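Notes follow once the structure below has been shown.
Note that these values count all heavy atoms, side chains included, but never hydrogens, waters or copies made by symmetry. On a predicted model such as this, the values are computed, not experimentally measured, just so you know. Every number for a ligand or one of its atoms is a count from 1 in the order of the listing.
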Amino acid sequence: MSEKFDVIVIGAGPAGYVAAIRAAQLGLKTACVDAFVGKDGKQALGGTCLNVGCIPSKALLDSSKQFYNLSHNLPAHGISVENAKVDLGTFIGRKDKIVKQFTGGIGQLFKANKVTAFFGKGKLLKGNNVEITGNDGSKQTISATNVILASGSVPIELPFAKFDNKYILDNAGALDINEVPKRLGVIGAGVIGLELGSVWRRLGSEVTVLEALPDFLGVADADIAKIALKEFTKLGLDIKLGAKLSKAEIKNNTVALTYEDKDGKHELTVDKLLVAVGRRAYTDGLLADDTGVKVDERGRIVVDEHNHTGVDGVWAIGDAVRGPMLAHKGSEEGVAVAEWIAGKAGHVNLDTVPWVIYTEPEIAWAGKTEKQLKDEGVPYKVGTFPFAAIGRAVAMNEAIGQVKVIAHAETDRLLGVHMVGPGVSELIAEAVVAMEFKGSAEDLARIVHAHPTLSEAVHEAALSVDKRAIHKGN
Ligand code: FAD
Ligand code: AMP
């Protein structure tokens, strides 16, 4: 007889491992099946985010920022360092150590919470049985009352630029380059392309970013995207908009690119190419034909507002389902599903999921953009405040960007908060709390903010909504 659990989670990324831990906390007998193989060839929990996504990219972004600051920020403070060099072995090694610490940490959390981890590829069979195929081909079947599908996503591959992770890189390849490429091509000016492009630019690569769409960072508020584009250009990222890659050929240790824009065809030669044109939900081999679980036209598992697939006891969360492909969104779905299974009141509000892009300057937002509100015909008012007028930002020599608060024109309810500037990845949390509590611009404006801090920009932008910012003309 197959071993029986209350809950089996397939996938141990931030959606799946969090779901498994919460289910176990609630007293449910829980298993988590994951197939990810780490750099050392062993099982590595944590999925894309911990192994080849959020955590390693932030480690490299931070290291490269330290290096870049030596020549671009410290001189303004009267500090000079000569002959600064990057030891790439240590640079990448530090990242690998951080990854190991965190992926190992999930294993410890599983033990502490009595989650049983299985290593192998899980396949949902009819009747909530899960077949696990180990790396050696061995098979076993376990079963559960509830199965949570958390199989995540994988990078989209262009048919004419296939990943070899030597010349044509996906996210994992771009986190493991062993020599700073003289010329790096990046396809796609989305979050991943901009973050990883920034890492290598700061270490000295000539980085050209080709983006097929005519507008830069269309998901962000247009004012914020405009400021960001100006700053990224100053950093030296050569961002070509309306430029669509049509061919990539590996020739003489280089990659020869052909792209098209409004002026016709162009050629460009780079030493490495990062293809970051988006990610797709990963469900390959996940579902037996007769499970009844549906996938949509984009390959995402279809779920209702409670992440239920419509098949008794089968749920799905994270990148594998609709909504933004963000780690914290998947984790919150994981918690909510575990709570729903345990008969509790789970809660996820997709309207207040914060977005962060960890470039320099950072970009962060929650809620709607001005364009979305215009399209929806919602009346709104806007307040902005520049970091140039924030004492702390000037003291840090990082007085770039602004905070923009959008509130309903009649009710003053917060509809969107958008930021570009220093430390905004942390500042956005205040806006999310206010929005989750259905707060108004007036609420943010009446909260005492410590002086001198970057958070004063949020306060002043909220004041500015009703034209009463103190430290700028209204
Ligand atoms: P995943 O993390 O993809 O995990 C799914 C897991 O399931 C994997 O381990 C996979 O091997 C396993 N699996 C799949 N199918 C099976 C199967 N049949 N059997 C067994 N195991 C299976 N998000 C942020 O919020 N912040 C960031 O800063 C950020 N940075 C990123 C940087 C990069 C370079 C990338 C690529 C992504 C980044 N993301 C970031 C996105 C984030 O990584 C994803 O949103 C998140 O990992 C999704 O979590 P998940 O649990 O749904 O899926
Ligand atoms: P994201 O989905 O945020 O990771 O962003 C991926 C970006 O890649 C999108 O803005 C796409 O427009 C862009 N993109 C997709 N295909 C191509 C291509 N062939 N050439 C250039 N950009 C592309």
Side-chain angles (χ1 to χ4, degrees), residues 9-19 32-38 43-58 60-61 103 118-124 130-133 149-156 158-161 170-172 174-175 185-196 199 209-219 240-248 257 259-261 274-287 316-321 323-331 333-334 353-358 425:
V9 185
I10 302 182
Y17 84 73
V18 169
C32 186
V33 185
D34 192 277
F36 200 97
V37 179
Q43 179 176 29
L45 300 169
T48 303
C49 179
L50 272 66
N51 286 285
V52 289
C54 328
I55 297 296
S57 62
K58 265 77 260 177
L60 296 191
L61 276 159
T103 55
F118 287 89
F119 184 20
K121 179 118 181 134
K123 181 178 194 171
L124 178 70
V130 173
E131 179 189 76
I132 305 168
T133 307
L149 306 170
S151 51
S153 62
V154 287
I156 293 174
L158 295 172
F160 46 84
D170 61 11
N171 55 293
L175 290 163
V186 177
I187 310 304
V191 179
I192 294 170
L194 290 171
E195 287 188 5
L196 295 179
V199 166
V209 184
L210 303 181
E211 168 54 55
L213 296 175
D215 293 323
F216 179 65
L217 215 50
V219 285
K240 298 189 191 300
L241 298 173
K244 190 166 180 187
L245 181 77
S246 51
K247 197 165 153 195
L257 308 180
Y259 67 91
E260 286 159 49
D261 64 12
L274 162 62
V275 178
V277 294
R279 298 179 63 81
R280 65 169 175 90
Y282 179 68
T283 56
D284 301 6
L286 177 70
L287 305 166
I317 56 176
D319 280 12
V321 305
M325 286 186 167
L326 293 167
H328 40 283
K329 173 262 190 187
S331 297
E333 288 177 331
V353 173
W355 285 71
V356 177
I357 309 180
Y358 299 81
S425 55

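The shortest distance between side-chain heavy atoms of Asn51 and Pro56 does not fall below 4.5 Å. You'll find the side chain of Val33 stays beyond 4.5 Å of the side chain of Val9, heavy atoms only. Taking 4.5 Å as the limit, every side-chain heavy atom of Glu333 sits out of range of all side-chain heavy atoms of Val18. Contact check for Leu194 versus Leu217: side-chain heavy atoms found under the 4.5 Å cut-off.
To the nearest 0.5 Å, atom CG of residue Leu149 and atom CD1 of residue Ile317 are 9.0 Å apart.
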Give one line per pair: atom of ligand 2, protein atom, distance. Only N/O to N/O under 3.5 Å.
residue, atom, partner, partner atom, Å
ligand 2, 10 (O), Glu211, OE1, 2.8
ligand 2, 10 (O), Glu211, OE2, 3.1
ligand 2, 12 (O), Glu211, OE2, 2.6
ligand 2, 19 (N), Leu245, O, 3.3
ligand 2, 20 (N), Leu245, N, 3.0
ligand 2, 22 (N), Ala212, N, 3.0

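Using a heavy-atom distance under 4.0 Å as the criterion, the protein contacts of ligand 1 are Ile10, Gly11, Ala12, Gly13, Pro14, Ala15, Gly16, Val33, Asp34, Ala35, Phe36, Gly47, Thr48, Cys49, Val52, Gly53, Cys54, Ser57, Lys58, Gly120, Lys121, Gly122, Ala150, Ser151, Gly152, Ser153, Asn171, Ile192, Arg279, Tyr282, Leu286, Gly318, Asp319, Met325, Leu326, Ala327, His328, Tyr358.
When the disulfide (SG to SG under 2.5 Å) test is applied to Cys32, no partner is found at least two apart in sequence or on another chain. For Arg279, there are no salt bridge (Lys or Arg N to Asp or Glu O under 4.0 Å) partners two or more places apart in sequence or in a different chain.
Although no hydrogens or angles enter the test, the distance criterion places no donor-acceptor pair under 3.5 Å between the side chain of Glu195 and the main chain of Leu61.
Shown are Thr103, Leu45, Val52; of these, the side-chain contact (heavy atoms from CB on, under 4.5 Å) with Phe36 is made only by Val52.
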